[in-house]
Amino acid sequence: MHRIAALAFAALFAVFPALAQEPYPNRPITLIVPYAPGGGSDFLGRVLAEGLRARLHETVVVQNVGGAGSVVGSMQVAKAKPDGYTLLINHMGLSTVPALYKKLNFDPLASFETIGLFAEAPMMIMARKDFAPKTLAELVAYAKANSDKLTVASAGMGSVTHLCAMLFQREIGVPLTVVQYKGAGPAVIDVRSGQVDLICDLPTTTSGLIRSGDLHAYVLTAPQRLKTLPDVPTAVEAGMPGLDISVWFGLYAPKGTPRPIIDTLAKALRATVQDPAVAAQLEKNETNIEPADQATPQAHHAKLAAQIELWTPIIEKAGIQAE
């Protein structure tokens with residue numbers, strides 16, 4: 001009798017773990033976009049949210065948590081419960097915050113589980129339409145002869161436009177005067193009007209000005225030309241392969257999120273990037289969808305680590321500190 005009772009209790013307790021492991025997901029997921037509504041990051045966050053919703057069969061709610069160059073929203077996810085219900089989409093800026101911010105309450109590599117890369121947008125070096133140099137080679141020659149008066153607009157200290165300007169200076173070997181603005185909008189306006197000579201910005205926000213002739217584009221920092229701007233050469237084609245910078249986006253979960261949940265999210269992400277409708281939606285905004293082999297935790301982690309290694313010495317040498 002005692003033996004039968006013992007077996008019954010053992011069978012009962014064996015059921016509990018299975019009951020405790022509820023299927024994921026079974027309630028809405030929050031996707032944190034660590035930037036204000038209306039920008040490129042917000043657009044991509046909403047495209048990704050819809051893609052995940054279709055594959056996970058659960059609501060994915062986008063929540064904008066802007067502030068301190070993505071630090072506020074990223075930290076919120078880093079401190080969240082690692083249960084797969086609070087996720088983060090962030091761009092290459094996550095690889096620069098360790099060098100930009102002296103006091104950072106999270107570590108990009110140690111505080112998150114990487115899920116996979118989602119999208120990548122190249123940068124372009126552009127000038128006012130009446131600027132004399134018309135090719136990248138002419139621009140480099142002009143810069144070396146006029147480095148004391150050539151000006152480059154930046155959307156703010158440590159912004160991707162600023163980082164691109166620094167990388168360009170490193171490649172041509174001469175310092176330029178960087179003019180800081182509060183956002184890309186005012187910076188582009190002043191380049192267009194001739195107040196500043198150059199800017200390195202996303203084609204997402206400037207392609208219309210290039211097609212209309214209001215801005216002149218020299219080079220695209222991408223391995224392939226854009227279909228929407230077929231006349232703009234890549235950095236490799238223009239003879240400057242070291243000008244390698246893009247605004248890449250990845251999906252993150254808090255550190256400690258169980259591996260089965262990460263695998264489920266990564267599978268949904270790979271299915272999303274393989275959807276032709278998603279690729280077409282991004283292409284209209286001069287943004288490339290990532291290949292499926294990059295929408296994996298391993299590829300994403302490698303990209304993040306390599307980008308931190310690239311940008312940390314550049315930022316530290318320039319003495320840049322964000323507030």
Problem set entry | Atom pair CG/OH of L139 and Y218 - distance to nearest 0.5 Å | 5.0 Å

Exercise. Is Y24 reaching over with its side chain to a backbone N or O of G84, donor-acceptor style, under 3.5 angstrom?
Worked result: yes

For this session: Would you confirm whether Q169, through its side chain, and L176, through its main-chain N or O, come within 3.5 Å as a donor-acceptor pair?
Result: yes

For this session: Spell out, as yes or no, whether a donor-acceptor pair under 3.5 Å connects the side chain of R53 to the backbone of V60.
Result: no

Problem set entry | Within residues 128-197 or reaching into it, pairs that qualify as disulfide (SG to SG under 2.5 Å) - sequence neighbours excluded | C164-C200

Exercise. Counting only N and O atoms by type, is there a donor-acceptor contact under 3.5 Å from the side chain of T114 to the main-chain atoms of P297?
Worked result: yes

Exercise. Taking the side chain from N64 and the backbone from Y35, do they hold a donor-acceptor pair closer than 3.5 Å?
Worked result: yes

Problem set entry | Y181 and I199: CA distance, side-chain angles, deciding distance, side-chain contact (heavy atoms from CB on, under 4.5 Å) verdict | CA-CA 11 Å; Y181 289 83; I199 188 170; over 6 Å; no

Exercise. Say you draw a straight line from CE of M92 to CE of M123; how long is it, rounded to the nearest 0.5 Å?
Worked result: 8.0 Å

Exercise. Any side-chain heavy atom of I289 within less than 4.5 Å of one from D275?
Worked result: no

Problem set entry | Within 6.0 Å of CD in E138, more than 12 heavy atoms from elsewhere | yes

Exercise. Nearest 0.5 Å, what's the CD-NE2 distance between E113 and H301?
Worked result: 9.0 Å

Exercise. Measuring from T204:OG1 to K284:NZ, what's the distance to the nearest 0.5 Å?
Worked result: 14.5 Å

For this session: Tell me whether L56 is reachable from I261 by hopping between hydrophobic residues (I, L, V, M, F, W, Y) whose side-chain heavy atoms are closer than 4.5 Å.
Result: yes

Exercise. Within a strict 4.5 Å, meaning less than it, do heavy atoms of the P291 and V273 side chains meet?
Worked result: no

Exercise. In Å, rounded to the nearest 0.5 Å, how long is the span from CG of L229 to CZ of R225?
Worked result: 11.0 Å

Exercise. How about K255: does its NZ atom have over 12 heavy atoms from other parts shown lying under 6.0 Å from it?
Worked result: yes

For this session: Return yes if some donor-acceptor pair links the side-chain N/O of T206 with the main-chain N/O of L209 below 3.5 Å, else return no.
Result: no

Problem set entry | Side-chain (Y101) to main-chain (A68) donor-acceptor, under 3.5 angstrom | yes

For this session: Start with the C-alpha distance between F118 and T272, add both sets of side-chain angles, then the distance that settles side-chain contact (heavy atoms from CB on, under 4.5 Å), and finish with yes or no.
Result: CA-CA 9 Å; F118 173 58; T272 299; 4.0 Å; yes

Exercise. Does a donor on one side chain sit under 3.5 Å from an acceptor on the other, for S70 and N90?
Worked result: yes

For this session: Could you tell me whether the side chains of T287 and N285 share a donor-acceptor contact shorter than 3.5 Å?
Result: no

Exercise. Strictly by modelled atom types, are Q180 and S154 linked by a side-chain donor-acceptor pair under 3.5 Å?
Worked result: yes

Problem set entry | Residues K267, D263; criterion salt bridge (charged side-chain N to carboxylate O under 4.0 Å, His left out); working and verdict | CA-CA 6 Å; K267 181 179 179 181; D263 291 341; over 6 Å; no

Exercise. Do any N or O atoms from the side chain of S74 and from the backbone of V71 form a donor-acceptor pair under 3.5 angstrom?
Worked result: no

For this session: Could you tell me the separation between the CG atom of D130 and the CG atom of D214, rounded to the nearest 0.5 Å?
Result: 11.0 Å

Exercise. With a 3.5 Å cut-off and no angle check, do the side chains of E120 and S246 form a donor-acceptor pair?
Worked result: yes

Problem set entry | Between Q307 and W248: side-chain donor-acceptor atoms closer than 3.5 Å | yes

Problem set entry | K144, NZ atom: more than 12 neighbouring heavy atoms under 6.0 Å | no

Exercise. Taking C-beta and beyond as the side chain, do I245 and F168 meet within less than 4.5 Å on heavy atoms?
Worked result: no

Exercise. Judged by atom type as modelled, is there a donor-acceptor pair below 3.5 Å linking the side chain of T312 to the main-chain atoms of E309?
Worked result: no

Exercise. Do T228 and E286 have side-chain N/O donor and acceptor atoms under 3.5 Å apart?
Worked result: yes

For this session: Dump the intermediate steps for side-chain contact (heavy atoms from CB on, under 4.5 Å) on H91 and V160, then the final yes or no.
Result: CA-CA 10 Å; H91 62 43; V160 67; 5.8 Å; no

Problem set entry | Donor-acceptor pair, side chain of E237 and main chain of T234, under 3.5 angstrom | yes

Exercise. Is D244 atom CG crowded by more than 12 heavy atoms from other residues, nucleotides or ligands, each under 6.0 Å away?
Worked result: no

Problem set entry | Pairs where residues 59-86 contributes a residue and the test salt bridge (charged side-chain N to carboxylate O under 4.0 Å, His left out) is met, not counting sequence neighbours | R27-D83

Exercise. Are P203 and I210 close enough that some pair of their side-chain heavy atoms sits under 4.5 Å apart?
Worked result: no

For this session: Check step by step if side-chain contact (heavy atoms from CB on, under 4.5 Å) holds for L150 and F131.
Result: CA-CA 11 Å; L150 187 63; F131 198 48; 3.5 Å; yes

Problem set entry | Non-neighbouring partners of T177 that pass side-chain hydrogen bond (donor to acceptor under 3.5 Å, both in side chains), sequence neighbours left out | none

